Every structure is written in structure tokens, then in C-alpha cells.
Amino acid sequence: MSIAIELPGLSETQRQIVELAREFARTKIEPFAAEWDRRAHFDREVIDELGRLGFLGMCAPEEFDGMGLDTVTYLLALEEIAAADASVAVSLSIHNAIPTTMLTRHGSDAQKKRWLKAMARGELLAGFALSEPEAGSDAAALCTRAVRDGDAWVLSGAKAWATNGGTADLMMVMARSEHGICAFIVPTDAPGYRPGTPEDKMGLRASNTVALALEDVRLPADHLLGEEGEGFGYAMEGLDAGRLGIAVQAVGIARRALEHSVAYCAERRQFGRPLREFQAVQFKLADMATRVEAARALAHVVATRRDRGEDTSMPASMAKLFASEAAMWVTTQAVQLFGGYGYMRDFPVEKLFRDAKVTEIYEGTSEIQRIIVARGLYPRG
Ligand code: COS
């Protein structure tokens with residue numbers, strides 16, 4: 001049995017998508033990932049190429065030029081990209097899961113034709129701006145203002161940690177009007193949209209994360225998504241989808257750390273034997289492999305339930321919680337197995353260790369996931 005996804009058990013579509021993603025990851029991402037990490041940047045061309053292959057339209061319906069993939073197939077593809085570089089994977093994941101889901105579910109026909117189609121065709125990269133300096137876990141406390149002025153909306157405020165905020169063509173921005181939280185489609189060339197300099201992060205260094213200043217960003221009325229005041233629920237739905245993406249991003253990171261560890265422990269000799277012959281090492285590898293497999297399986301089960309139309313808010317939080325903590329644990333073990341080499345930038349596992357950490361933080365911390373799971377055990381009645 002291999003650690004990676006095995007192709008024979010997949011449907012024909014899944015096999016094609018996984019092979020395409022795997023080949024792209026092998027040739028166009030993995031050889032450059034360490035350098036992108038050092039430069040804290042990857043070129044937009046990588047995303048554009050993925051877009052031309054259809055990977056920006058994985059979750060968009062076919063009638064709007066997307067691939068209309070089921071969630072499991074989308075997760076399979078995302079894991080391949082994440083195993084090569086989690087920074088590229090998060091750009092894809094945000095775009096496919098959050099703005100795409102929000103537009104598909106709540107966009108008008110005109111909005112879907114104008115924005116969703118171009119996103120699905122890979123012509124527009126989208127991001128999501130919910131968090132603010134004073135509203136992270138408590139997302140409903142956001143205070144970016146949206147004021148109606150005749151036929152326009154005017155947005156003003158500050159956003160924090162916006163993935164793709166400096167590279168995207170449009171952002172789904174959450175702001176508060178007098179009737180509550182709303183979602184707005186904000187083209188990033190709108191006057192007053194000001195991304196900050198990219199954040200200098202511990203991991204996921206090549207992904208674009210910025211603060212945003214919204215200085216009287218004036219939008220035509222038709223840039224409001226769905227109903228005024230209903231945006232918080234739309235954002236939470238987006239995050240339900242997003243959290244499954246982060247779960248498999250974590251699986252991809254953990255799987256690669258395990259693959260490196262398995263190879264290293266076969267090669268590295270101490271006390272006259274390869275490391276793999278020590279039972280302490282075998283037990284560690286066995287536990288790492290078990291967590292990778294379990295994390296992937298949980299994400300896929302939740303995805304299957306989502307595709308059946310079930311409410312998967314709570315199980316998506318379970319999947320994200322379990323996979324992100326598994327990734328942190330697995331990458332910590334990988335660094336330990338590599339010993340002194342594991343602590344060096346020249347070896348791959350320290351990047352995976354740094355990349356894993358944020359999966360326990362963004363799109364809802366592990367503490368928030370536990371709150372959602374615990375609340376789900378006592379449904380409001
Ligand atoms: N789908 C649809 N609607 C949802 C929902 C979901 N998954 N979760 C909540 N809602 C709705 C609720 O039904 C409720 O609607 P009504 O007011 O009509 O009853 C509303 O949203 C408010 O929900 P709730 O009372 O649960 O909100 P809270 O402020 O208590 O907190 C949490 C909700 C903590 C779960 C939310 O703030 C959260 O997920 N925080 C983390 C944010 C996050 O992930 N940030 C990362 C940013 S992206 S990098």
C-alpha cells in the first residue's frame with residue numbers, strides 16, 4: 001500500500017484529475033517550492049497555468065464553465081498540490097471553496113455570468129476578506145462599514161491576513177451595513193482598495209497574505225451578493241467548504257513529511273543499521289502513517305456527505321481539526337526523525353513543519369473548530 005492516493009480505486013474522472021494534478025505538482029511546483037519559500041513569493045503564472053487546466057473551476061458548476069467536480073474529487077486534486085507546496089494549495093483552496101461557493105449559492109444569474117464564469121475559466125483569481133485586526137475568531141464582530149450612497153455602496157475599514165489579497169483580481173469582502181453583515185464582490189482595481197505589503201510569515205511563506213485598507217471603495221449596487229444583512233451565513237457556508245480544503249491541505253503536508261521520513265529512515269544508518277530497523281522508529285512511522293490515512297479518510301467521508309446534500313458544518317470542523325493537528329504532529333515527528341538535518345533549511349521537513357502550523361489557525365483555529373463541534377452535539381432546538 002502506498003502513502004499517496006492509489007489510482008486503481010478511483011473513478012475514471014478522479015484518476016484523470018489526480019494524474020493531471022500530480023504531474024503539474026511534480027514538474028511545475030515541487031522543484032521550485034523551496035526557492036519560493038525563501039523568496040516568499042510564487043509567480044502568478046503558476047496560478048494562471050492551473051487556471052488554464054481548469055483547476056480554478058473545480059467547484060464551479062459546469063453551466064458556469066466550471067468542472068462541477070464532486071467534493072471528493074476536488075479534495076483529491078488539492079491534496080496533490082498541497083503535497084508539493086501548501087502555499088499554492090491555499091490560493092487554489094480559497095478561490096475554489098469560498099468565493100466560488102458563495103457566488104454559486106447566492107449570486108444572481110448576472111453575477112454568476114460576469115464573475116463566476118471568469119473565475120471558473122481561470123481568468124480571475126478570487127480571495128476572501130473576513131478577518132479584521134479586532135475580529136478574528138469572533139468574526140461576527142467585524143466593523144468594516146458598508147454605506148449605501150444612491151446607486152452605490154461605499155466600503156471603508158481594515159481587513160487582516162487576507163489570502164490572495166495582493167494577487168487576486170477580486171475579493172469577497174465582508175462588511176457591515178445598517179442591516180447587518182453583507183458580502184460584496186470587490187474588484188481589486190477599484191479605487192481605494194489598498195493591499196499592504198505581504199506579511200512575513202513563519203510558514204506558507206510564498207502565499208500572499210496582506211492587510212487591506214478599504215478607503216471609501218465605491219461599488220455599483222449590483223456588487224452586493226445576495227441579500228443585505230445575510231452575509232454572515234454566506235461566509236460561514238463558504239468556510240464550511242473551505243475547511244475541507246484546509247483539511248486536505250494538512251493531509252498533503254503530512255503525507256509529504258511521511259514520504260520523506262520513510263525514505264530517510266531507510267537510508268540513514270546509525271549504530272550500524274538503517275533507522276527503519278529500530279522499533280522506536282518503526283512505531284513513530286506507523287503512527288504517522290495511521291494519522292495521515294485517518295485524516296484523509298475523515299475529510300473524504302465528510303465530502304461524500306456534503307455531496308449527498310447533508311449539512312456538514314460540524315463534521316467539516318471535525319475534519320479540519322483532526323487533519324491540522326495530525327499534520328502538526330506528523331511534521332514534528334518528521335523533524336525529530338531527521339534529527340540535526342531536520343532542523344536545517346537544506347532538508348525538506350522543516351518547511352513542512354512550518355507550513356503545517358497555520359492549518360491549526362486559519363479558517364478557524366482548532367479552538368473554534370472544537371466550539372463548532374461541541375455546539376453541534378447540542379443542536380439549537
Ligand atoms: N452555515 C450557515 N449559517 C451559519 C453557519 C453555517 N455554517 N454557522 C452559523 N451560521 C449562522 C447562524 O445560523 C446564525 O444565524 P441567525 O442569526 O439567523 O440565527 C448566524 O450565522 C450567527 O451564528 P452564531 O450565533 O453561531 O455566531 P457566533 O458569532 O456565535 O460564532 C463562529 C460563530 C464562532 C462559529 C464563527 O464566528 C466562526 O466560525 N469564527 C471563526 C472565523 C474564521 O474561521 N475565521 C477565519 C477567517 S478566514 S482565513
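We count ligands from 1, going down the list as the structure has it; atoms in each ligand are counted the same way. This is a predicted model, so every value here is computed, not measured.
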Look at the aromatic rings of Tyr264 and Phe338 and report parallel, tilted or perpendicular, splitting at 30° and 60°. parallel
For Ile372, atoms of ligand 1 separated by under 4.0 Å from a heavy atom: 35 (C)
For the ring pair Phe184 and His223, is the centre-to-centre distance below 6.0 Å? no
Just go through Thr163, Asp311, Asp240 and tell me whose heavy atom is the nearest to atom 7 (N) of ligand 1. Asp240
If you measure every N or O of Ser131 against every N or O of ligand 1, does any of those distances drop under 3.5 Å? no
Numbered in order shown, the ligand 1 atoms found under 4.0 Å of a heavy atom of Gly233 are 2 (C), 3 (N)
Could you see which bit of Leu239 sits under 4.0 Å from ligand 1, with heavy atoms only: side chain, backbone, both or neither? side chain
Taking the six-membered ring for Trp and the single ring otherwise, decide whether the centroids of Phe42 and Phe32 are under 6.0 Å apart. no
Within 4.0 Å of atom 49 (S) of ligand 1 (strictly less), any protein heavy atom? yes
Under 3.5 Å: N/O of Gly364 near N/O of ligand 1: yes
Arg22/Glu6 salt bridge by N-O under 4.0 Å criterion: no
Heavy-atom distance from atom 44 (O) of ligand 1 to the protein below 4.0 Å? yes
Considering only the protein, which heavy-atom contact is closest to atom 14 (C) of ligand 1, and what is its distance? Arg380 NH2, 4.2 Å
Short list, please: which atoms of ligand 1 are under 4.0 Å from a heavy atom of Ala139? 37 (O), 42 (C)
Using a distance threshold of 4.0 Å (strictly less than), state whether atom 18 (O) of ligand 1 has a protein heavy-atom neighbour. no
For Arg145, I'd like to know if atom CZ has over 12 heavy atoms of other residues, nucleotides or ligands within 6.0 Å. no
Side chains of Glu360 and Ser324: is there a donor and an acceptor less than 3.5 Å apart? no
Are Arg273 and Phe278 in a cation-pi setup, meaning NZ or CZ lies under 6.0 angstrom from the ring centre and within 45 degrees of the ring axis? yes
Checking a contact table here: which protein heavy atom is nearest atom 6 (C) of ligand 1, and how many Å away? Met236 CB, 3.4 Å
Trp161/Tyr362 aromatic ring centres below 6.0 Å: no
Show me which atoms of ligand 1 lie under 4.0 Å from any heavy atom of Ser313. 7 (N)
Is Arg370 paired with Glu367 through a side-chain N to carboxylate O contact shorter than 4.0 Å? no
The closest protein heavy-atom partner of atom 37 (O) of ligand 1 is Ser137 O, 3.4 Å
Check ligand 1 against Ala140 and write out every atom of the ligand that is under 4.0 Å from a heavy-atom position of the residue. 29 (O)
Is it true that, when you exclude Arg276 itself, more than 12 heavy atoms of the residues, nucleotides or ligands shown sit nearer than 6.0 Å to its CZ? no
With Arg205 as the cation and Trp36 as the aromatic partner, state whether NZ or CZ is under 6.0 Å from the six-membered ring centre and within 45° of the axis. no
Considering only the protein, which heavy-atom contact is closest to atom 31 (O) of ligand 1, and what is its distance? Arg375 NH1, 3.9 Å
Least distance between heavy atoms, Leu285 atom then Leu337 atom: CD2-CD1, 3.8 Å
Atom 34 (C) of ligand 1: nearest protein contact (heavy atom, Å): Ile368 CD1, 4.0 Å
Does the protein put a heavy atom under 4.0 Å from atom 26 (O) of ligand 1? yes
Report yes if the side chains of Arg296 and Ile5 come closer than 4.5 Å at any heavy-atom pair, otherwise no. yes
For atom 23 (O) of ligand 1, the protein heavy atom that lies nearest, with its residue and separation: Phe232 CE2, 3.9 Å
min-distance protein heavy atom vs atom 39 (O) of ligand 1 -> Arg243 NH2, 3.1 Å
Answer with yes or no whether Ile371 contacts ligand 1, where contact means a heavy atom under 4.0 Å from a ligand atom. no
